[in-house]
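Here's the structure, in structure tokens; my notes come after.
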Amino acid sequence: MRVITGIARGHKLAAPEGLDTRPTSDKVKEGVFSSIQFEIEGAYVLDLFAGSGQMGIEALSRGAAHAVFVDSSAKAVKCVSENLKSTKLDKLAEVITRDSYDYIRLTAQSFDIIILDPPYRCGHIPKLLPLAAAKLRDGGFIICEYEKEAGTPEAPEGMALRKVYSYGKINVAVFTKPSEEDEE
């Protein structure tokens, strides 16, 4: 697992030990970030169920202004912090040990990009999407990684499904919240 491009390009990232974290493959990560490459510069990013933090770190490496990493696992949070320090991106980030549902419900912050990569087979994405949509800025994106067999989640009210990418047994759906300019 590595940072694909940007200022931390090629840097290897650690993953928390054990079976609780399922790192996104480099192929999936490259596809996701290629699809939104022109919207990353200066973005505020939320990486829920952060695991190793690799998705948010990739966004920072590609020019995002700030990223918030949230995970309830102390092992994951420690790993994210270490990966941020080793890539020298820690000054652009905030790492929070907290339940992702609690965080997204209670935060007053809004984001340009929200990454949802929760554990599979738990039904998290349909529950989290409306909560995430409420914290998304106009023109922003929600990126959801899920098992293909779970089916594509419905777009929350006020959002549109931009595209679904398939990678074997994994799908990634990218939802967008139109900006006022898009609606004119």
Side-chain angles (χ1 to χ4, degrees), residues 3-8 24 28-71 80 84 87 89-96 98-118 123-146 150-167 170-184:
V3 179
I4 296 170
T5 198
I7 60 174
T24 299
V28 172
K29 185 168 48 173
E30 176 64 35
V32 167
F33 283 98
S34 291
S35 75
I36 62 165
Q37 65 184 333
F38 300 112
E39 286 88 15
I40 298 170
E41 187 72 34
Y44 279 72
V45 177
L46 172 61
D47 190 347
L48 283 179
F49 298 94
S52 65
Q54 71 162 323
M55 295 295 281
I57 289 170
E58 186 72 34
L60 289 171
S61 181
R62 291 174 183 239
H66 185 77
V68 176
F69 298 84
V70 179
D71 204 297
V80 171
L84 284 163
T87 57
L89 296 169
D90 52 322
K91 303 260 188 286
L92 302 174
E94 181 180 357
V95 183
I96 299 170
R98 191 163 187 186
D99 177 80
S100 291
Y101 284 94
D102 286 346
Y103 180 83
I104 199 72
R105 280 188 192 109
L106 300 174
T107 187
Q109 291 188 55
S110 60
F111 301 91
D112 300 299
I113 300 170
I114 298 176
I115 301 162
L116 302 177
D117 187 9
H124 290 300
I125 288 182
K127 296 175 202 167
L128 283 167
L129 267 173
L131 300 171
K135 305 299 178 173
L136 193 66
R137 294 176 181 165
D138 289 349
F141 297 91
I142 298 176
I143 300 164
C144 304
E145 182 179 328
Y146 57 95
T152 302
E154 282 189 41
E157 188 175 331
M159 295 198 63
L161 178 62
R162 180 176 180 176
K163 185 145 178 141
V164 175
Y165 300 90
S166 293
Y167 303 94
I170 306 290
N171 274 3
V172 176
V174 179
F175 296 93
T176 185
K177 185 176 190 177
S179 64
E180 290 180 17
E181 294 170 359
D182 295 336
E183 294 172 359
E184 293 175 357

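Along the sequence shown, residues carry numbers from 1.
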Next on the checklist: On a heavy-atom basis, which atom in Met55 and which in Phe33 lie closest, and how many Å separate them?
Outcome noted: O-CZ, 3.2 Å

Checklist entry - For Thr152 and Leu161, what are the C-alpha separation, side-chain angles and deciding distance, and is it a side chain to side chain contact (heavy atoms under 4.5 Å, CB included)? => result CA-CA 10 Å; Thr152 302; Leu161 178 62; 4.0 Å; yes

Item to check | Rounded distance (nearest 0.5 Å) linking atom OG1 of Thr176 with atom CG of Asp138 | outcome: 9.5 Å

Checklist entry - Nearest 0.5 Å, what's the CD1-CD1 distance between Ile113 and Ile36? => result 4.0 Å

Checklist entry - Which heavy atom of Ile4 sits nearest a heavy atom of Glu58, and at what distance? => result N-OE1, 2.8 Å

Checklist outcome for this item: When rounded to the nearest 0.5 Å, the distance separating OH of Tyr103 from CD of Gln109 is 4.0 Å

Next on the checklist: Parallel, tilted or perpendicular: which one describes the rings of Phe49 and Tyr101, with boundaries at 30° and 60°?
Outcome noted: perpendicular

Checklist entry - If every non-hydrogen atom of Ile125 is compared with every non-hydrogen atom of Pro118, which pair is closest and at what distance? => result CG1-CG, 3.7 Å

Item to check | Whether Ser61 side chain and Ala8 backbone form a donor-acceptor pair below 3.5 Å | outcome: yes

Checklist entry - Atom OH in Tyr44, atom CG in Leu92: separation rounded to 0.5 Å? => result 9.5 Å

Checklist entry - Can you tell me how far CG of Leu46 sits from CD1 of Ile143, rounded to the nearest 0.5 angstrom? => result 11.0 Å

Next on the checklist: A side-chain contact here means heavy atoms from C-beta on lying under 4.5 Å apart; do Phe111 and Val68 qualify?
Outcome noted: yes

Checklist entry - Can you tell me if Ser35 uses its side chain to pair, donor with acceptor, with the backbone of Val32 under 3.5 Å? => result yes

Item to check | Option from Ile170, Asp117, Asn171 for which side-chain contact (heavy atoms from CB on, under 4.5 Å) with Tyr146 holds | outcome: Asn171

Item to check | Side-chain heavy atoms of Leu89 within contact of Ile7, under 4.5 Å | outcome: yes

Checklist outcome for this item: Val174 and Phe141 have their tightest heavy-atom pair at CG1-CD2, 3.7 Å

Item to check | Flag side-chain contact, heavy atom, 4.5 Å: Glu94 against His66 | outcome: yes

Item to check | Separation between CG of Leu48 and NE2 of His124, rounded to the nearest 0.5 Å | outcome: 11.0 Å

Checklist entry - Can you list the steps and then say if Leu128 with Ile114 is a side chain to side chain contact (heavy atoms under 4.5 Å, CB included)? => result CA-CA 11 Å; Leu128 283 167; Ile114 298 176; over 6 Å; no

Item to check | Pairwise salt bridge (charged side-chain N to carboxylate O under 4.0 Å, His left out) hits with a residue in residues 41-52, at least two apart | outcome: none

Checklist entry - What are the two closest heavy atoms between Asp112 and Gly42, and how far apart are they? => result OD2-O, 4.3 Å

Next on the checklist: Can you give me the closest heavy-atom contact between Gly158 and Pro178, atom names plus distance?
Outcome noted: O-CD, 3.4 Å

